[in-house]
Amino acid sequence: MSSQGFWLIFLLPVISFVLISVLVKPLTRRDSPVAGYITIMAITGSVILSIWTLAEVLGAPNHEIHVPDIIWVTIGDFTIKTGIIMDALTAVMVVVVSVVSLMVQIYSLGYMEHFVHHDGDTYTRYYAWMSLFTASMLGLIIADNLLLMFVFWEMVGLCSYLLIGYWFHRPSAANAAKKAFIVTRFGDFGFLAAILVLYTNTGTFDTAQLSDMAATGLLTGGILTWAAIGIFSGAMGKSAQFPLHVWLPDAMEGPTPVSALIHSATMVSAGVFLVARIFPIFAHSIEAVTLVATIGGFTAIFAASMGLVMNDIKRVLAYSTISQLGYMMLALGAAGIVLNHEGHVTVEAAKAAVAIGIFHLFTHAFFKSLLFLGAGSVNHATGTFDMRLMGGLRKAMPWTYITFLMGALSLAGIWPLAGFWSKDEILITALDGNTLLFILAMITVFMTAFYMFRVIFMTFHGEYRGGESEEYRHPHESSKVMVLPLVFLAVLAVGVGWWSLGGNFAEFMGEHHPHAAGFFDIFASSPWPIISLLLALAGIGLAYLMYGSKRISAEKIGARFKMLYNALINKYWFDELYENIIVKKALLGGIFAGFQEVDANGVDSVVNGVAEGTFGSGNIIRRLQTGQLQLYGLFIGLGAAVIAIVLFIVS
Amino acid sequence: MALDFAFWLLAIVSVAAALAVVLLRDVFRAALALVLCFIMVAGLYVTLSADFLAAVQILVYVGAISILLILGIMLTRDVQRGSLSNKLRFPALLVALLFIGTTIFAVFNTPWGVSAGAPVEPTTATLAGRLFGENGYILTVEIAAVLLLAAIIGAIVLVREK
Amino acid sequence: MNLDLLAPEISLAATAVAVILLDLFAQRKGLLAIVSVIGLAVSAGFTIAMYGDPSRTIFNNTLAVDNFALFFKLLFLGIAALVILSSVDYVSKFTRFRGEYHALLVLSALGMMLMATATELITIYVSLELASISLYVLAGFLKDPKSSESSMKYLLLGATASAVLLYGMALVFGTTGTTQLGEIAQQVQTLGVQGVIDNPALILGIVLLIAGFGFKIAAVPFQMWVPDVYEGAPTPITAYLSVGSKAAGFAVILRIFSTAFGLPNWLSLDWGIVFAVLAAIGMTVGNVSALPQTNIKRMFGYSSIAQAGYLMVGLAAMGVASVGETIGQSTILFFLLSYAVANLGAFIAIIAITNKIDSDLIQDFSGMFKRSPLLALALTVCLVSLIGMPPAAGFMAKFYIFSGAVQNELLWLVIIAVLNSVISAFYYLRVVKVMWLGEPASAEKVPSSGALRVALTLTSLGVLALFIFADPIIKAAESAAKMFGS
Amino acid sequence: MSVGLEHYLVLSAVLFAIGLYGALSKRNTIAILLCIEIMLNAVNIALVAFSRYVAPEMLTGHVFAIFIMAVAAAEAAVGLAIIMAIYRRKGTVDPTDIDSMKR
Amino acid sequence: MDSGWLLAIILLPVAGTILIAFIPGLSERLIRYIAALFTLVSLILAVIVFAGFDQSIGGIQYELKASWIQAINANFHLGVDGLSLPLVLLTAFLGFIVVLISWKIHERVREYFAWLLLLEASILGVFCSLDLLLFFIFWEIEVIPMYFLISIWGTGRREYSSIKYVLYTLFGSAFMLAGILSLYFTTEPHSLSMVDIANRSGVIVQSIMPAAVIFWLLIIGFAVKLPVFPLHTWLPDAHTDAPTAGSVMLAGALIKMGGYGMIRICVSILPNVAQDFAPLLLALAVISVLYGAAVTLRQTDLKRMIAYSSVSHMGFVLLGVFALGEVSLTGAGLQMVSHGLLTGLLFAMAGLTMHNVEERDLRKLGGLARQMPVIAIVFSIAGLGSLGLPLTSGFAAEFITFTGAFSSTIVEGVEAYTLLAAVGVVLAAGYILWMLQRTFYGPVLEQYNGVKDADKLEKVYMFAFVVLILLVGICPFILTDVIQLGVSPIASLIGG
C-alpha cells in the first residue's frame, strides 16, 4: 500500500456518507437500519486502518511517515496544497476517533431505534451526518496544513451544528445548534486571522514548515505571538474554553450518542489537538503558552464548579468535559511554560512536550464517551435526563451501572484507572509551570470526584423516583447492542492508562526522559499523586454523605451559600450576558438597530428625499407657468436684458 | 437746423402718442393715438431722407393696419372694460427701463461707423432696383408673397365658423 | 439665375397651391394628404439629387445651397410628411378646411426650408415669419377654446419675440452695415477681439438674436409659451411644433452663429458660455417641471424644453470649440434627427391613442398594452429613445452630443446633462408604466389607419435604425457640418 | 449738438420700450397688438436710421423696413382673426382671463 | 474562425426574444420551450467556449471586431479573457436556470420570457464587450427588461422598487458615461477600445481631465451596481420585490457587472489612480461588509434578508479588487461567480418557499423542514455556502480573497481592512443560521401542513446549482486557473 493509502482512513466514512445520502435514502424504507450498517462497516475499516497506521508509525523512524502533497490551487506564486501527515500525534488521534466513533455508531443502532419507531426519525439522516462527521474529524487529524485543517475544522463544526439540531423541530435544539455554530465561529475568526498572518509572513500553510520556522527563529516576535493567540482563539471556541464555553452545555440538546462522540470525545478535543499540532509556535511565545495555561486552568475549575449543582445528567457531564478540556489546555500550556523557561525549543522537544496533554485527551475520550453513552442508556430507561427523577437504577440496569461506575472512577482519577495516570501527569506539570494553576487543578480534582459521585448516587442509588412519565414506571436494562459498546469502552477506560507506564506513551510521542515504571512507583517519586488521590476520595466521600446516606442536607448547604448557589445554577449568568445583553441589547437592539435606522431613515431617506426634492422643485417651478401670456413675455424681455447686462459686465 | 427741429418735434409727439397708446383706458382712443404715432414715424422717415418709405408707412400702417385694428376694436366693443393694466405693471416697467438702459449704454459706447456718404435721394428708383433687381431681394419678395398667401388662408380659416 | 437650385422650394409652393385648388374640386378628401405627401416626396427627390454637390449661393448671396441646408431640407420634408400621415385620422374629423390644413403645413415646411437655406438676415426673417404664421394658424385650427388660446399665446408671444429679434438684427446691421452673413463675418473679424469688446451694440444685438431664436427653440427663459401652446394645439401640430419649428430654429442659429459670429474666438467663447448656461438651466427646468405633469402633451412640452437644453450643449460646444472644429454642429444635426424621429414616433402613437380615448391624461393610457400592443411597444421604444437609453437613436444622439462637449472641456455641463437624463427617465417611464402595468379602462381595441401605421412603423424602426446604423448618418451630419469648418 | 444717429437710436429704444411695456401690461389683446406695432415701428426707425448713417448708398434698411411692414400687416390680420375666434367662444379679449392652460 | 461563438451566445437569447415576442399565437407551453431551448443552447456554447479557451496562452480569445461608428472610432468588439469568461459562463447558466425557475409563471407569459431572455443577452453582452461604447450600451439595455420584470411580475412595492432601480442605475451610469467620454478624449488617437486603452495604461496623452476625476466618474457607476455603501439602497428593494427569476438574475449575474467593470476598466485602465484611492475604497468595502451584515441581521423578510446579505458579500469583492494583488483579484473574481451561484440558489429557494407557503415573513414561518425537506436541505446548503463553509464555493472564494488581500503588498494597512471584513463572516453565520432556523426549524406549524415540496423540475435545477457550488468549492482551480490568466496582466500593471 502506497503512502497515499492513508487517505482511505478519511475516505471510507466519506464514501459511507455519499452512499447513504445518494443511494440508501431514496431506495430504502424509512425505518431501515441499512444506513447504520454501512456506517459501521466503513468505520470498522477506518479502525483497522488506524490501528495499522499506529503500527506503521510505531515502526517508522522518528515516528513520522511522509506523504507527498497534492497541489490544489495555484494563483501566481500562491499555492494551496492538500496533504496528510502521519506522526505519533496523528496516529493516537485516529485511533481514538475511529474507535470511539465505532462504538458510538454501534450503540446508536440501539439508541436511535426508539426514535425511529416512535418519533418518525430515520436512520439515514442520522448516520449520514455521523459518517460525515467522522470523515471530517479524521480529515482534520490527518491534515498536514492549516488550511486543510481549517476546512475540516469548519466541517466538523457543521456536523456538530446539524447533529445538535437533529431534532430541529424542538426550538431548544435549533437554538443550541445555532449557538454552537456561531460561538465556535467567533473563535474561528481568530484561527482564520492567524492563518492569514502566518501565510503572509511565511508563504506556507504547512504545519511542519511553520513549526520548523518557529524553531529556527524565522518566525518570531509579535507575528508569532499573535498567530498563536489567533489559533488558540479557534481552539477556545471548539474546545469550549472560557469565555467561549457557553455553547457546549446547550449542545446536549442533540442525541446522546452525538454528545458522546462529538461533544465529549472528539470534536471538542480538536482544540487541544490543534494547539498540540503546531505546539512549536506556541512554545516560542511565553505570552501564548501562559495564556493557554491560564485559560485552561481557570476553565477547569470554573466549569467544574458549575457541574457541582446541575441536575441534568448530561449537563453535569458537559461541564465535566469543559473542565477536563481545561485540564488538557493547562497541561499544554504548563508544558510550554516549562519548555520556554528551558530556553531553546526544538521541534522535537515541543512535540514531546504535548504528550501529557494528549495522553489525557486519549484517556478522557474513552471514559467520557462511556459516561455519555451510559447516560443515554439511563435516559432510555427513564425517559429523562433529570437526575431528580431517577435513583436506584443500580438494580434495574446492572451493566450500565457497573460501566458507568468505571467511567466515573476513571474520571475522578482513582488509581489505577486510566484517568488517574493522565491526570496525575498534568498536576505535576502544572506544578512545574505555575503554582497558582496547580492549586486550582488540585481543587478541581476534589470537585470532579464530588460531582461524578453525586451523579452516581442520585442516579443509581436510593429509591427510583419514577422517571419522566407513567410509561417509564419500570426501568430495564438497555438492549445488547447498546450494552456491548459500554462494556468495551469500560474496559478501555480502565486499561488505556497503562500505556503510559514506564513512559511508553511519552516515548512514543518523542520524549526520552526516564519515567516511573510500575503501578506503584508513581507514589514513590513525589507526594502529590497520593494527595490528589486522597482529595478525590474526599470528594467521593462528601458526595456519599450528601447524596448517598444524606447525612448532610444538600438543601441546607445550598441555602447557606445562596449567592454562590445562584451563581452556579445560573452558570454565572454568562448566557444572560451573551444572549440578552451583548447580542440582543447591545448588538441587535443597539448597534445593528442603529444601522438599520441609518439605512432606512438615513441613507435611503436621503435618496427618497432627493427624489421628493426634485419633484417638489418641479411643482414650484411650474407655478411660474401661470397661463398668463404676458408673464411669459416678461421673461423673454427680462431674460434678454439680464443676459445682455451680464455680458456687458463681463466684457 | 430745420431738420433738427423737425426731429425733436416728431420725436416728442411720437413718444407722447406711443405713451397715449399704452396709458389710455379707451382702446379706441389708443388706436387713434397709434395712428398719430404712425404718422409721426412717417415724418421721421422723411427727416431720414426715406421718402418712399414714408409713403409706404402712411399707406400700410395708417391706411391698412390701423383700420384693421380699429375694426377689431369695434367688433369686440361690447366688452370694453377699457384697457386696464394688469398686475405685471411694475415688472413690465422694470423690463422696459432695463431695455432702455442697456440700449442707451450700447448706443453711446459703440463707435458707430457713420458713413460720410450722402443719402440716396429720391429713393424710389434705387429701392425698386434693390427689391426687384437682378442682385436684389426678388426672392425675398416672392417669399413675402407666399407669406401673405398663408396669412390670408389662415385668417379665413380662423374667422369662419366651422 | 439658377432657378433649378430652387426646385425643392418651388415644387413645395406649387404643392400648396395644388392642394388648395384640389380641395375645391375633389370629393375624396383623402386625396389631399396623398397629394401633399407626393409633393413633399418630389421636393425631397430634388433635394437628394443636389446632395453632395459643392456649395453654391444664389440670389446675390441670399440663399445657399449646401449640404447643411439640404440636410435640413430633407429633415423638414420628412417631418412634414410624417405629420401629414399622422394627421390623416385627425383631419378626417374636420368638416371644412382640410385643404387649407395641408396647404399650411406644406407652407410652413417651405418656410423652414428657406430658413435653413437663407444666408441673409432679411430673408431669414421673412422665411421665419412664413413658417411661424402658418404655425400660428395651425395651432388654432381646432377653434375650440384651448386651441384658440394656444394659437393666441403663440402668436402674441411670437410677435413680441420677433420684435426683439428684429431689434437684434437691426443692431447687427447697424454695427456691420450689412445683412449678408458672410459680410457680417468679415466685418466682425476685422473688428478683432478688442473691437468686439468695445462694441456693446453688437453684443446686445447678438443677445437679442439669442433671445429671438431662443423663443423658437424653446430655450430658457424664452420657453414659457411651450407647455401651454403644446397642450392646446391639435396633437399633430404639437408634434410638428416640437420637432419642426425647433429644428428650424437650430438651423438658423447654427448658420448665423457659426458663419457670422464664429470669429474672433473671444466672441464665440462668449456666446458659447451663454448657451452652456442656458442649456444647463433649460434642461433642469424642463425635466423638473415635467415630473408632476398629468397631461401627456403638456409633459412633452416640458420635455421638449429639456431636449432643447441637451441640444444647446452642442451649441455650447460649438462656441467653445477651436477654429475649424465642427463637432458641435454635426452632433446637433444628428441629435435633431434622432429627436425628430423619436418625438414624432411618440406623438404618432399618442395621436392614435388619444383619438380613441379622447383624453390627453396620462392615466387614461392605462393598460394600453392590451388594447393595442404594437402602439404601446412603439411608444415605449420612442420614449426609451427620448430618455437616451440604448438600443435607440436617442442614446447615440446623447452620446455623440455629449462627446462633443467633453472634447471641448465642458464636462461639468455633461454631468448636469446626464443627471438630467436620469430625471427625465422618471416621467417618460411613468407613461411606460401606465401603459404596461395599468389595467385597461375598457377592452376595446384602439384602431389606427393605414397611414398612421406606416408613419409609426417608419419612426419606430427609424429609432432603432439610427442606433444600429448610426455610422452613415453621423457621417452625413459631419459632411453637412463640414462647410462651417474652413 | 446736431441730431445724429444716436438720437434716432435712443428714440427707437424709447418707443420700443414703451411698446414692450404696453404689450406686457395691457389687459386687452388688441391693445397688445397695437403695442407690438409700436415695437415694430421702433425697429423700423432704427433700421432706417442705420441705413441713412451707416450704409447710405445701399438702402438695405429701407428694404428691411418694407418687409417688416408687410409681415406686420399679415401678423395683424392673423392676430385679429384669432382674437375674433376667441372672442366668439369666450366673450372676452382680456389675456388675464385666457389662462385655461397652466402649470 | 472561432470569432462567431460569442456573438452566437449573445444573439441566441435575442433571437429567442424576437421569436417569442413577434410570432403570434404561440401557446404558453411553446413559449417556455422556446425560451429554454435558446438559453440552453447558449449555455452549451458558453461551456464549449470555456472548454476551448486556451489556458496556455491566456489573453483575449474568441475576438470579433467589426467597425461600427467610424466617427467616434467605435467598434463592435467582442472577446473574452480569463476574467470575463467565468462570468459569461455563470450568466449563461443562470439564464437557462431562470427559465426553469419561471416555469410556473402564468401571467403575461409571452412578455415575461421575452424580457427575461433580453436581460440575459444584455448581461452577456456586458461581459463580452471590449469596446467601451458597446459595454455601456449593454450595461444600459439591461435596465429596461429588469424594470418590466420587477414592475409587472414583482410583489410588494414593485412599482417603487422598479423605478428606484432604474433611476439608481441610470444615476450611476450617467457618471459612467461622463467618465467613458473623458477617457475617450484623453487617449490619442481617441479610442474606445478597452484593450487599446489598457495597453497604453497610465499614459494619459491629452490631459483633458485629471485621471482621478475620470476614475471616480467611472467608479460611481460601478459602485451603484456592485453595490457599495452608501449607494446600495436600491438593492434590497429591487431584490425583494422582483419575481424569483428576476432576483436570481439580479443577484446572480447583474450586480457582478459592477465588480467586473471595476477590474476591467477602473483598475486595468487607471492602475495608478486605483492605487491612490485604494485605502478609501477598502474602507468602503469594510463598511459595506459590516454594515450590510448588521442590517441583514435586522431583517424579517426572507428575500430582503438575502438581499442585504448581498451587500455584505459584494463588499468582499470590493475588498479583493482594491487590495490590488493578483491573488486578491482572483479571489474577487471567484467570489463573484460563487456569490452568483449561492445567492442565485438562495433566491431560487426563497422564491420557491414563498411560492409554496405563500408567506415571506420570517416571524410567521417555521418548522418547514418536515413539510418540505428537499427545499430545506438545498436552502441549507446554499445558506451554508453563503456563510463560507468549506467545500462550498463560498469558502474557496472568501478564503482566497482574504488571503490575497491580507498578503497584498500594494496597499498600506490592508491587513486591518481584511481582518475587519472577515468579521463579516462571523455575522454571516448569525444571519444565515437565524434565517434557516426561522424558516425550517422549530415546531411544525399546522397551517403549513400539505404545502408542496419541490417538484421534479425544481429538483433538477437545484441539483445543478448544488453540484456547481460543491464543484467550485472542492475544485476552485477550475475557475481560478482561468481567472488568474485574466487578472495577472492587470495585477502586473500595478507598481507592486
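Just so it is clear, the structure is predicted and the values come from calculations on it, not from any experiment.
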Check: For the side chain of E:N75 and the backbone of E:H77, is there at least one donor-acceptor N/O pair under 3.5 Å apart?
Finding: no
Checklist line | Residue pair E:Y165 / E:L254, side-chain heavy-atom distance below 4.5 Å | finding: yes
Item checked: Choice from E:F138, E:F136, E:F148, E:F175 maximising heavy atom contacts with chain C below 4.5 Å -> E:F148
Note to self: For E:R108, which atoms come within 4.5 Å of any heavy atom of chain C: side chain, backbone, both, or neither?
What the structure shows: side chain
Checklist line | C:M283 side chain near C:V313 side chain, heavy-atom distance below 4.5 Å | finding: yes
Note to self: Under 4.5 Å from any heavy atom of chain E, what part of C:F467 do you find: side chain, backbone, both or neither?
What the structure shows: both
Item checked: Contacting moiety of E:I141, where chain C heavy atoms sit under 4.5 Å -> both
Next item on the list: Specify which of C:M396, C:E478, C:R430 makes the most heavy-atom pairs with chain E at under 4.5 Å.
Entry: C:M396
Margin query: Looking only at heavy atoms and a cut-off of under 4.5 Å, which of C:Y400, C:W436, C:F395 has the most pairs with chain E?
Written below: C:W436
Item checked: chain E contact via C:L429 - side chain, backbone, both or neither, heavy atoms under 4.5 Å -> both
Next item on the list: Examine whether an atom of E:F76 lies under 4.5 Å from a heavy atom of chain C, and if so say whether it belongs to the side chain, the backbone or both; otherwise answer neither.
Entry: neither
Margin query: Can you confirm whether the side chains of E:S151 and E:E159 place a donor and an acceptor under 3.5 Å from each other?
Written below: no
Note to self: So for C:F399, is it side chain, backbone, both, or neither that comes closer than 4.5 Å to the heavy atoms of chain E?
What the structure shows: both
Check: Measuring heavy-atom distances to chain E, does C:L411 have an atom under 4.5 Å in its side chain, in its backbone, in both, or in neither?
Finding: side chain
Margin query: Using 0.5 Å steps for rounding, measure from the CD1 atom of E:I69 to the NZ atom of C:K475.
Written below: 10.0 Å
Notebook entry, point to check: Does the pair E:R157/E:D241 count as a salt bridge with the N-to-O cut at 4.0 Å?
Noted result: no
Notebook entry, point to check: Side chain, backbone, both or neither: which part of C:I473 has a non-hydrogen atom closer than 4.5 Å to chain E?
Noted result: neither
Checklist line | Region of C:T380 that comes under 4.5 Å of a non-hydrogen atom in chain E | finding: side chain
Checklist line | C:S403 and E:Y184: side chain donor to acceptor below 3.5 Å | finding: no
Check: Taking C:R371 for the side chain and C:A443 for the main chain, is one N or O donor matched with an acceptor at less than 3.5 Å?
Finding: no
Check: Non-hydrogen atoms of chain E under 4.5 Å away: do they reach the side chain of C:K433, the backbone, both or neither?
Finding: both
Notebook entry, point to check: In terms of heavy-atom proximity below 4.5 Å to chain C, should E:L177 be classed as side chain, backbone, both, or neither?
Noted result: side chain
Checklist line | Side-chain donor or acceptor of C:S421 paired with backbone N/O of C:A417 under 3.5 Å | finding: yes
Next item on the list: Check whether E:I137 gets within reach of chain C through its side chain, its backbone, both or neither, counting any heavy atom under 4.5 Å.
Entry: both
Margin query: Can you tell me which of C:A405, C:P391, C:A470 forms the most heavy-atom pairs within a distance under 4.5 Å of chain E?
Written below: C:P391
Check: Any luck finding a side-chain donor-acceptor pair between E:T233 and E:Y168 under 3.5 Å?
Finding: yes
